[in-house]
Amino acid sequence: LISALFASASALLLLYAIAPTLGRGPALIVAVVYAFLPLNYAEIYNGMEMLAFGFLLLAWCVFLRDSRDKAALAMLPLLLLCRFEASFYIGFALTAAWVFCGDSTLRRRLLLQFLVLCAAFLVITAGRYAVFGVFLPNTILAKMHEPYTHSGLKELERKLAGLWEFVRFY
């Protein structure tokens with residue numbers, strides 16, 4: 001039920017977000033098509049967090065676009081609580097936007113978002129360590145062991161080695 005509410009709220013927020021650019025008619029068509037995507041229904045039936053994450057991410061983008069910085073800042077910890085890896089995706093997006101943005105006022109806004117993102121990440125990670133004694137969320141740790149993988153932490157090491165090769169190459 002909660003996932004269905006987030007899917008509905010996302011469709012309405014999507015309509016609000018794109019109507020100024022596309023016009024109300026085309027925006028309504030896009031929002032309705034989004035609302036009926038099979039992927040959304042799979043997530044609703046599974047009761048997973050991705051619809052909540054998608055809604056929060058879309059809300060964060062709309063708040064940034066509309067210069068509602070305090071509301072956007074409030075979304076960051078919620079996004080990180082929903083998905084641990086969001087810190088890396090959002091951090092990359094904010095860094096890229098900051099690098100390619102020429103407007104000094106927007107750059108300050110983006111820098112503030114990035115600093116709050118980092119602070120939220122540190123606080124949430126420290127809290128997780130204080131309560132559970134681990135830095136990674138339990139869902140990530142669980143996926144590194146049977147039955148998700150046969151190699152456990154070796155798989156993580158292999159992926160990190162591949163990342164290092166990518167970074168070295170570029």
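Here the structure is a predicted model, which means the values were calculated and not measured.
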Are V99 and L111 joined in one hydrophobic group, where the rule is that I, L, V, M, F, W and Y side chains link up if heavy atoms are under 4.5 Å apart? yes

Taking ring pair (Phe, Tyr, Trp, His ring centres under 6.0 Å) as the definition, give me every residue that meets it alongside Y129, ordered by chain and number, with sequence neighbours left out. F135

Could you work out, with salt bridge (charged side-chain N to carboxylate O under 4.0 Å, His left out) as the rule, every residue matching D69, not counting sequence neighbours? R109

Between CZ of F55 and CG of L79, what distance do you get to the nearest 0.5 Å? 10.5 Å

Is there side-chain contact between V62 and D66, with at least one heavy-atom pair below 4.5 Å? yes

Measuring from S10:OG to L37:CG, what's the distance to the nearest 0.5 Å? 11.5 Å

Using distance only, find each side-chain donor-acceptor pair of residues 100-108 under 3.5 Å and give its atom names and separation, not counting sequence neighbours.
unit_1: D103; atom_1: OD1; unit_2: T105; atom_2: N; d: 3.2
unit_1: R107; atom_1: NE; unit_2: W98; atom_2: O; d: 3.3

Can you measure from CE (M75) to CZ (R68) and round to the nearest 0.5 angstrom? 9.5 Å

With rounding to the nearest 0.5 angstrom, report the CG to CD1 distance, L76 to I90. 6.0 Å

So CG of L28 and CG of L14: to nearest 0.5 Å the spacing works out to 10.5 Å

Residue list, side chain to side chain donor-acceptor pair (under 3.5 Å) with Y89, at least two apart or on another chain: none

Sequence neighbours excluded, every pair satisfying side chain to side chain donor-acceptor pair (under 3.5 Å) that has a member inside residues 17-39: none

Is there side-chain contact between L110 and F114, with at least one heavy-atom pair below 4.5 Å? no

Mind jotting down which residue pairs meet the side chain to side chain donor-acceptor pair (under 3.5 Å) criterion with at least one end in residues 113-125? Sequence neighbours excluded, please. W60-Q113

Shortest non-hydrogen separation from A31 to L15 and the atoms involved: CB-CB, 3.9 Å

Please find out if less than 6.0 Å separates the ring center of F121 from that of F84. yes

